Amino acid sequence: MDPDDVHAEGPAPLRLRIPEPVRAASPKDRYTRHLSPAGEMRKPALDEKVERVALMRKQLVRVLDDDGIAVGEWVPDLTPGQLRDGLRNMMTVRSYDARLLRAHRQGKISFYMQCLGEEAIACAQQRALLPGDMHFPTYRQQGLLISAGYPMLTMMHQVLSNELDPLKGRQLPVMYSSKEHGFFSISGNLATQYVQAVGWAMASALRGGTAIASAWIGEGASAESDFHAALLFASTYQAPVILNIVNNHWAISTPEDFARGASATFADRGFGFSIPALRVDGNDYLAVYAASQWAAERARANLGPTLIEWVTLRVGAHSTSDDPSAYRPSDHEDFPLGDPIDRLHGHLVAIGEWDDDRHAALSAEVDAQVSAAFDEADSHGSVKSGHISDPRTMFDDVYAVLPRHLLEQREQAAG
Amino acid sequence: MDPDDVHAEGPAPLRLRIPEPVRAASPKDRYTRHLSPAGEMRKPALDEKVERVALMRKQLVRVLDDDGIAVGEWVPDLTPGQLRDGLRNMMTVRSYDARLLRAHRQGKISFYMQCLGEEAIACAQQRALLPGDMHFPTYRQQGLLISAGYPMLTMMHQVLSNELDPLKGRQLPVMYSSKEHGFFSISGNLATQYVQAVGWAMASALRGGTAIASAWIGEGASAESDFHAALLFASTYQAPVILNIVNNHWAISTPEDFARGASATFADRGFGFSIPALRVDGNDYLAVYAASQWAAERARANLGPTLIEWVTLRVGAHSTSDDPSAYRPSDHEDFPLGDPIDRLHGHLVAIGEWDDDRHAALSAEVDAQVSAAFDEADSHGSVKSGHISDPRTMFDDVYAVLPRHLLEQREQAAG
Amino acid sequence: MPSMTMIEAIRDAHLVAMERDNRVVVFGEDVGYFGGVFRCTQGLQARFGSHRCFDTPISEAGIVGVAVGMAAYGLRPCVEIQFADYVYPAYDQIVSEAARLRHRSAGDFTAPLVVRMPTGGGIYGGQTHSQSPEALFTHVAGLKTVVVSNPYDAKGLLLAAIEDDDPVIFLEPKRVYNGPFDGHHDRPIVPWSKHPLGEVPEGHYTIELGKARVHREGSEVTVLAYGTLVHVAQAAAEEQGIDAEIIDLRTLLPLDVDTIVESVVKTGRCLVVHEATLTSGFGAELSATVQERCFHHLEAPITRVCGYDTPYPHAHEWSYFPGPDRVGRAMREVVQA
Amino acid sequence: MPSMTMIEAIRDAHLVAMERDNRVVVFGEDVGYFGGVFRCTQGLQARFGSHRCFDTPISEAGIVGVAVGMAAYGLRPCVEIQFADYVYPAYDQIVSEAARLRHRSAGDFTAPLVVRMPTGGGIYGGQTHSQSPEALFTHVAGLKTVVVSNPYDAKGLLLAAIEDDDPVIFLEPKRVYNGPFDGHHDRPIVPWSKHPLGEVPEGHYTIELGKARVHREGSEVTVLAYGTLVHVAQAAAEEQGIDAEIIDLRTLLPLDVDTIVESVVKTGRCLVVHEATLTSGFGAELSATVQERCFHHLEAPITRVCGYDTPYPHAHEWSYFPGPDRVGRAMREVVQA
Ligand SMILES: Cc1ncc(C[n+]2csc(CCOP(=O)(O)OP(=O)(O)O)c2C)c(N)n1
Ligand SMILES: Cc1ncc(C[n+]2csc(CCOP(=O)(O)OP(=O)(O)O)c2C)c(N)n1
Ligand SMILES: [Mg+2]
Ligand SMILES: [Mg+2]
């Protein structure tokens, strides 16, 4: 039977919908659908019924208004000092990214991934959690490490893959790992870490611990099947975990529409499992902090998982291997929600805790720190200059104890 | 760092929720949560906004009331003759199952799976779809084949794995396949067929065909990751597919709560993808027909996928390898929603189209047919009596053309 | 010494491990309340509570995925995949994650976990209840792979696997759960209670991973086997009257090369048997290894007797299964070559 | 005859196939609008429309799962997995479904589909952009597995794969996309435009699956290779001044046993090379097969030179990669043994 002959006459032919969204025309709101004014969205009680939270599914948690004033129920309890720390962290991340992108152009490193525009998300959430909690990040949360005080120099050694790389040159640049700083080893395989985070949180709860886990995924990778396993196990066992989806609207060349499907928002996915879900302005440091804290408190109070869709935009290329001009509309705005650094800066100025001079000084200081760190790291060479660890170290850590066949292979490799 | 030392002081310890539902106490409604009276739930327009359908998520489509009267907006347009056909089909399925279970006890077959209590779902949906449509079933939709007029004798040959088995003894009993009858080959691996159904439906739409697909899964298997891929692709491409979840409340020994998690219903999963979802009384032939038809019409009108949770109960054991007395509360009721055959019988009597004599006659006729078919099938022997096809046929169909290494192996096997 | 079936021995290993180390948690489909479809975890939930042994949704990816997270936290998950045929949804979590976590994080995080699963045919299970996927794991650096053939080994190896700091794939041929099945499916099976390897010490003991066991000493030919095929090879040798040296590999990776080489150097002949499909099966690795290390001692070609390169057929499983006739015939040929 | 890179040849194969047969549909991550991260499908959407070539969500399981359904409907899906390292989420759909559909339904349903993926290291891709998983497919009955080494073959084999009635795993070593990379990573790469195998006929032609190609005739040793290693072996032979016969297997399953045996019978020596990890790699199968069929002709042990049994390390990839030095050294040893 030729499939085409089925129902040769009868109803109208079927059509498949192939999403062709962002690339078409040029809608003003292509990156900012369902935008709430700052302060509008109410803050539910920690144990609010999920059905009631679901009614807010197209709203967006926003705290900073256009004048830099923090408004509404979500305004977090942060001191000016804490806000300035946040600003410094974000500026450090941005400067760090810029320096390493330059290093790539200089041919010193093999690969790099920046998080331009997404700095607030990792930096603020890191601050809303506690030491001992564990993040299961993707490759765009360098802000977690920087905010946790992980030495930038060590990060650079990793990126340079030089002899001081704590991962011994085994991993692609930016695939950091630091248990001590609550940063789970980055995989490279998308989405796998999402369900692992749920497992880690389950373990903490099984043991009667108090630490919670935070899972990270891009909106594109939420299409992977492990996302389902993560939400399901989190829902079934009410694991103390934050399920972050960073919706930066692009997955390499693919617009978010492919992973979102017919849903209005990625937060909707949570409601399919009765997991309370928020949409949050990811470029608003205060909103990120407040929402992360709300989710963390829910987890710590044994109220189970929370899903958060962070609305933001991938400003730069996917990675140094990517050139977005081939697929991205050229008229798109880089910061439709505002630059997270500018917005926090504006807020600090608005509350009288910051001014342009201090900002310029901080900027210079941060750049100098990054620069000094890079010079120091660079002095140890890189994979490109051949200053890497002893090749025979690649046989270590495959197993806890080197088995016989790897001993033999190591000998051959040496010979 | 010993994980237990984390936050040695501070907040209260976390606890994991391990679902312990059905086995506890003995709630009257353990299998009938969120039950609507017959006729109560409204029938949405085919293109009703998914948000509005979602408001009905805890309701249940029911047509037959306790007196066997069909009530409400969902009453389907079925003639008495069609209803009597449905009754006959369900009775045939039940008789077929009973005969083969007996064959298993007699040591004639290696394995069997019945669908006791779930007959209406497959039988009525088969009738609501059209020739050319393709079902991607699990092992509990023998009703699809019987209602489609697939020869019962051939089914029995498959179950006996004898020389006339169209699958040449390769598959476990009940793992039928018939393209001609719109019945996709059953896998044995749970959930894999769910996304394949979406692919088949996508193909039909890509080609401008008119045939739709129907995907089947148990509530337990909806936990598998392929379920996510299926819903996502169906949502993204608006594939013309019906996504059935048969919630018979058990997955071998595991109550539905593990797969459902914190959600109130399995239909909720659909709303996570903006796929309209219905909960339907699966023991109500008329409701099944009506809901299937609604979903099929939506698909044919290019309105995309529909998810349907069929609420029913697995009355019998999971399979002939299973003894539910070890895990199932003994006080559970077999037909909390009523026996689908009795209910359709009652309806036909109520509308004056049936009586006990005709029922007894039909019952005897069906049993005689099944019995005769079994005797005929049995006369060709079975895997247990060694009457199987030539072992060398196992090398066929691994590839379209037998490659050299299999030729060699076939020769060895012969020698 | 108590006599146990392999199921009882596996259950006992869980008990001992959970008693000794409260980081050991056990879960999987139907594993908690019911105790597993093969009853290998029966009684554990009643004894240790539902926080130590529990049921999961039907999601192999989820089971292994959360196990990796738990292991990274510091627990020692020992999970069950209901049939080896259903491990593929979890394959990514095993291959890309568990196997490589230690290496990619330079030891910062580790994944000490055990993934148990019943393997092999012989119960009329058809193509989805009969597979032996060991070669799909032995190709993956970072995993250890164990296949058990008897109750004594099963308990000692499972305890070693749970205590091991690396992820271990633990394969249990279901056909030897209840006795040393020798491939004669038409004869009654000898129960483990009548077999010396059914005698299982109480309490704690381990068998080192990576050590083979000489199941039968002999001089004419070395037979490399594991799981059910150990007993099949023994039956074949006896029936053919061949003085075969049968090595039960027990751990496929790391492989006990010394024991193998010593034997082949002695016998000069080698037969490799397994139930999995022939092409790219673990037998290929065994054949290649023996050939590389014993080339000048070999008096005949190394021969493989394996499952055919087809899906495992339901009705024809005894034609598919490399039983004592096929193994015996090959053994004779190798000895006479 | 136009000269093409391997990327252009693959793109051209798609073009020809889609032109000839409107059942051919092409999809995958970034495959539609952008044309794939390696640009192998560039221009197809513009040419044939988004119903013939389209983007998908990032779900390898979904991509292959819907492809199986489409193939069962009657289409001929040719899908791309962005890197072979990411095929594991789709492994179940490939192994349990595509591979076995024809057999389990006795031909009632079939799954004629192609799963393309870039393999191999050498681009500083680290452990998740460098793998060569061919042995994980060759063990699976019902699949065919192809590895290409040059533009001419790539086009002819891809066309044959799309036209084949069975599921084909189509592996593209990314290091030879742009030239016959010989392992000398510190030297400029020769472009395909300067190589005879870069000459690719226009229009339709196929290369039969299951036929090897003698890449270089020789008498001293048979080298069994595929993908990038074909060119590495050639460089090694030239540098060592060894008259090696290099066989480019092209299709691993079904394997061209005749061509292999004929060569080994002639040379009496055999070297097997691949980039994938050694243990349980496809080299084991090759070694076992050669040993079984050429035992009495072998004058030296069959030797394997492969990737080490570790994850593919980012900074040390050139120590990991079996380059011309390692291959050359082994070649010399085999010839002198
Ligand atoms: C399993 C898997 N499939 C594909 C890839 C290739 N890949 C790397 S990043 C990426 C896009 C991810 O997009 P998204 O999740 O939105 O994260 P973003 O890059 O936007 O932060 C893809 C497809 C991968 N790393 N892993
Ligand atoms: C991938 C996979 N995992 C596990 C199994 C074993 N298994 C077979 S049926 C079953 C329970 C399925 O329950 P459900 O989906 O609710 O369907 P039901 O049997 O109730 O109709 C399980 C766990 C399988 N067949 N495939
Ligand atoms: Mg993104
Ligand atoms: Mg069920």
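Bear in mind the structure is a predicted one, so any value in this text is a computation, not a measurement. Order of the sequence lines fixes the chain letters, A, B, ..., with proteins taken first and strands second; residue numbering starts at 1 for each chain. When reading the values below, keep in mind they use all heavy atoms of this one structure, side chains included, and skip hydrogens, waters and symmetry mates.
To the nearest 0.5 Å, atoms CD1 (B:I252) and OG (B:S319) are separated by 7.0 Å. One distance of note links OH of D:Y86 with CD of D:E60; it measures 9.0 Å at 0.5 Å rounding. Remark: D:T222 OG1 to D:L298 CG distance equals 9.5 Å, nearest 0.5 Å. Note that NZ of B:K179 and OG of D:S105 are 9.0 Å apart. Values are rounded to the nearest 0.5 Å.
With a 4.5 Å cut-off on non-hydrogen atoms, B:F233 touches chain D through its side chain but not through its backbone. With a 4.5 Å cut-off on non-hydrogen atoms, D:T56 touches chain B through its backbone and its side chain both. Contact of B:I186 with chain D is made through the backbone alone, with heavy-atom distances under 4.5 Å. For B:L206, the parts lying under 4.5 angstrom from a heavy atom of chain D are both the backbone and the side chain. With a threshold of 4.5 angstrom between heavy atoms, B:S204 approaches chain D through its backbone and through its side chain. For D:L143, the part sitting under 4.5 Å from any heavy atom of chain B is the backbone (N, CA, C, O) and nothing else. B:T192 touches chain D through backbone and side chain together, each having a heavy atom under 4.5 Å away. For B:F227, no part lies near chain D; criterion is any non-hydrogen pair under 4.5 Å. Looking at B:E408, only its side chain comes within 4.5 Å of chain D, counting heavy atoms on both sides. For B:F184, the parts sitting under 4.5 Å from any heavy atom of chain D are the backbone and the side chain alike.
Counting heavy-atom pairs closer than 4.5 Å to chain B, the top-ranked of the candidates D:P57, D:A141, D:A61 is D:P57. Looking only at heavy-atom pairs under 4.5 Å with chain B, the residue among D:P167, D:A72, D:P254, D:P77 that has the most is D:A72. With chain B as the partner, the residue from D:R104, D:E97, D:R100 showing the most heavy-atom pairs under 4.5 Å is D:R104. Taking B:P166, B:G199, B:A201, B:P403 one by one and counting their heavy-atom pairs under 4.5 Å with chain D, the maximum is reached by B:G199. Contact tally against chain D (heavy-atom pairs below 4.5 Å) for B:A229, B:A230, B:A239, B:S177: the top residue is B:S177. Among B:L406, B:V198, B:D226, the residue making the largest number of heavy-atom pairs under 4.5 Å with chain D is B:D226.
For the residue pair B:Q158 and B:D165, no side-chain donor N or O sits within less than 3.5 Å of a side-chain acceptor on the partner. Side-chain contact of B:Q196 with D:Q93: a donor-acceptor pair under 3.5 Å is present, judged by distance alone. With no hydrogens or angles considered, no side-chain donor-acceptor pair links D:H51 and D:Q45 at under 3.5 Å.
Interface with chain B: from residues 64-71 of chain D, residues D:G65, D:V66, D:V68, D:G69, D:M70 qualify, criterion being any non-hydrogen pair under 4.5 Å.
In this pair, D:Y226 and D:H274 present their aromatic rings tilted. The plane angle is within the 30 to 60° band.
Heavy atoms only, all atoms of each residue included: B:Y194 and B:L231 are closest at CE2-CD1, 4.0 Å.
Taking the six-membered ring wherever Trp is involved, the centroid distance between the rings of B:H380 and B:H387 does not fall below 6.0 Å. For B:H181 and B:Y150, the ring centers are positioned less than 6.0 Å apart. Side-chain rings of D:F54 and D:Y33 stay apart, their centers remaining 6.0 Å or farther from each other.
Counting heavy-atom neighbours within 6.0 Å of D:E292 CD, excluding the residue itself, gives a total above 12.
Screening D:D164, D:D166, D:D165 for a salt bridge (Lys or Arg N to Asp or Glu O under 4.0 Å) with D:R76, the sole residue that qualifies is D:D165.
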